[in-house]
There are 2 protein chains.
Amino acid sequence: MVRTIERLPKRERHQLLTSLIEDNPFITDQELTRQLKVSIQTVRLDRLELGIPELRERMKLMAERSYDPVRSLPLHEIIGDIVDMQLDHSGISIFEIKEEHVFSRTGIARGHHVFAQANSLAVAVINDEIALTATADIRFVRQVKLGEKCIAKAYVRSISGGRSKAKVEVFSYVSDEMVFQGSFVIYRSAGESVIEGGMEGADRN
Amino acid sequence: MVRTIERLPKRERHQLLTSLIEDNPFITDQELTRQLKVSIQTVRLDRLELGIPELRERMKLMAERSYDPVRSLPLHEIIGDIVDMQLDHSGISIFEIKEEHVFSRTGIARGHHVFAQANSLAVAVINDEIALTATADIRFVRQVKLGEKCIAKAYVRSISGGRSKAKVEVFSYVSDEMVFQGSFVIYRSAGESVIEGGMEGADRN
DNA sequence: TCAGCTATTATAACCAGGTACTAACAGTAT
DNA sequence: ATACTGTTAGTACCTGGTTATAATAGCTGA
């Protein structure tokens with residue numbers, strides 16, 4: 001038969017359908033019919049097989065996610081992904097600079113995102129129920145730009161003051177080049193009452 | 001007639017309807033009918049009068065808002081609301097600590113939010129096309145807790161280094177009590193090329 | 001007292017964007 | 001031939017509405 005050139009095998013069509021919906025969740029089956037050049041039933045069978053819900057369900061899920069005040073914020077716990085962690089000793093996290101972290105005009109990351117990565121890592125590396133940043137001495141060595149991956153390394157330098165203070169140094173790199181350096185003093189509660197003057201609490205079990 | 005006790009005058013019903021939808025945007029007219037004890041037609045006329053779109057439109061709007069990568073993030077430009085601004089001299093912003101800024105267990109604000117307010121204010125107060133944080137020396141004096149309003153005051157202390165550097169001090173208060181203090185060095189471009197070592201760019205016209 | 005008004009309710013037709021099911025047909029494999 | 005896969009078609013039904021038209025109740029002013 002004159003198998004039209006357009007027609008894809010099922011597997012490929014499934015992939016295409018998935019990616020079409022992924023980068024436009026607001027697309028209707030009608031539209032998909034047009035783009036995939038198959039009948040609307042096929043589109044629906046495909047969605048069924050792939051477990052992709054109907055348009056309205058997709059919108060509802062998105063709306064619900066954005067309505068949840070906790071999940072809707074990216075800066076909840078630790079900023080960046082932990083890739084290595086030795087409590088009370090050192091830790092490493094990676095944080096990719098995306099559109100939402102930069103100034104649109106310049107493509108340069110806003111400083112507080114780089115700070116947030118370093119700060120949350122410094123707090124996380126302290127093995128204690130509650131850890132709070134007391135002071136920080138930071139330096140932005142060079143700009144970090146859109147798309148760059150920022151690797152923060154934290155080292156616990158000392159635990160002093162009757163175990164109530166720790167000094168943590170954090171260095172952030174973009175491929176071997178240092179972009180940020182910070183020296184943090186973290187207060188820690190040794191299971192006791194909250195220490196005055198801090199700013200961070202770490203939820204940990 | 002036995003005007004049922006439940007029935008509200010139109011005005012009050014409108015208010016109630018508005019607030020019902022406000023704190024549960026996922027409610028259907030059917031549900032509203034039950035809660036307001038009027039017919040579904042009345043509910044719909046009310047929505048029409050009040051310009052409240054149907055459930056699906058409401059969900060769509062929410063989904064679209066959360067899908068827009070720019071609008072979906074609260075930390076885009078300046079953190080906190082500017083209440084006073086004298087460029088190259090001083091500025092004040094207010095930032096309310098909400099659920100999303102604190103550790104759930106302790107109710108204490110994460111440090112980088114307080115830092116972000118101070119940092120973005122320090123950058124904003126510099127009257128230049130591009131302003132970048134070079135270094136910061138900061139101190140969290142005491143914790144800031146859920147619900148507290150953080151008032152940051154920035155003062156430009158000096159403009160030196162051939163107009164390419166500015167020193168800005170920021171003090172943050174919760175009702176007269178200082179909670180944060182920071183000393184920032186901001187690089188500025190006097191309309192020239194970008195200076196190395198900075199981290200912030202300010203979009204301004 | 002009665003027309004005129006607003007507010008409310010009822011009824012029906014219609015819509016988008018589906019689900020669920022049943023059937024038919026083409027091509028391919030066994 | 002038979003069975004199986006993939007695709008298309010058609011129908012009934014669903015939710016959560018819209019739009020339009022009409023009927024009813026209650027109050028108001030002259």
Side-chain angles (χ1 to χ4, degrees), chain A residues 1-68 71-72, chain B residues 1-68 71-72:
Chain A
M1 288 294 100
V2 191
R3 215 181 205 310
T4 338
I5 294 166
E6 319 284 359
R7 288 285 273 285
L8 297 166
K10 199 176 180 180
R11 278 286 164 84
E12 293 181 40
R13 192 185 58 229
H14 277 191
Q15 281 201 302
L16 183 52
L17 183 139
T18 306
S19 72
L20 278 172
I21 290 180
E22 208 157 279
D23 62 47
N24 177 16
F26 300 96
I27 198 169
T28 62
D29 288 357
Q30 198 60 248
E31 254 302 297
L32 290 167
T33 290
R34 280 201 19 246
Q35 308 222 6
L36 298 174
K37 308 205 187 291
V38 290
S39 73
I40 201 160
Q41 287 80 2
T42 303
V43 169
R44 286 169 179 170
L45 283 172
D46 285 355
R47 275 201 299 99
L48 206 68
E49 280 185 73
L50 295 166
I52 298 170
E54 63 172 294
L55 171 61
R56 284 156 177 166
E57 279 309 306
R58 296 196 301 269
M59 293 199 308
K60 191 178 177 186
L61 288 172
M62 293 179 69
E64 275 168 349
R65 195 188 329 152
S66 87
Y67 190 63
D68 181 344
R71 300 185 64 91
S72 68
Chain B
M1 288 293 100
V2 190
R3 212 183 208 307
T4 336
I5 294 167
E6 318 285 359
R7 288 284 272 287
L8 297 166
K10 200 176 180 181
R11 278 286 164 84
E12 292 181 41
R13 192 185 59 232
H14 277 192
Q15 281 201 302
L16 184 52
L17 184 140
T18 305
S19 72
L20 279 172
I21 290 180
E22 208 157 281
D23 62 47
N24 177 14
F26 300 96
I27 197 168
T28 61
D29 288 357
Q30 197 60 250
E31 253 304 296
L32 290 166
T33 290
R34 281 201 18 247
Q35 307 221 7
L36 298 173
K37 306 204 189 292
V38 290
S39 75
I40 201 160
Q41 287 80 1
T42 302
V43 170
R44 288 170 176 168
L45 283 172
D46 285 355
R47 273 201 301 97
L48 207 67
E49 281 186 73
L50 295 166
I52 298 169
E54 63 171 292
L55 170 61
R56 284 157 178 165
E57 279 308 306
R58 296 197 300 268
M59 293 200 308
K60 191 178 177 187
L61 288 172
M62 294 178 70
E64 276 169 347
R65 195 189 328 151
S66 86
Y67 190 62
D68 180 345
R71 302 185 64 92
S72 68

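Per the geometry, CD belonging to A/Glu57 stands 10 Å off C1' belonging to C/dG18, to the nearest Å. Computed from coordinates, the B/Lys10 NZ to C/dT9 P distance equals 12 Å when rounded to whole Å. In this structure, B/Lys37 atom NZ and C/dT9 atom P are separated by 13 Å, rounded to whole Å. Rounded to whole Å, the distance from CD on A/Glu49 to C1' on D/dT7 is 11 Å.
Residue contacts for B/Leu45: at a heavy-atom cut-off of 4.0 Å it reaches a base atom on one of the strands shown.
Using a 4.5 Å heavy-atom cutoff, the side chains of A/Met59 and B/Glu64 are not in contact. The shortest side-chain heavy-atom distance between A/Thr18 and A/Leu50 falls under the 4.5 Å cut-off. By the 4.5 Å heavy-atom criterion applied to side chains, B/Glu31 and B/Thr28 are counted as neighbours.
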Within the 4.0 Å limit for protein heavy atoms, which parts of nucleotides 14-24 of chain D are touched? Write it as a string from 5' to 3', B for base, S for sugar-phosphate only, - for none.
-BBBB------
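Between C/dT9 and B/Thr42, a contact under 4.0 Å exists linking OP1 or OP2 to a side-chain N or O.
Ion pairing between B/Glu54 and B/Arg44 fails under the 4.0 Å rule for side-chain N and carboxylate O.
B/Leu32 contributes atom CG, which lies 8.5 Å from atom CG of B/Asn24 (distance to the nearest 0.5 angstrom).
The ring-ring contact (aromatic ring centres under 6.0 Å, His included) pairs that include a residue from residues 28-61 of chain B number zero, where partners must be two or more places apart or lie in different chains.
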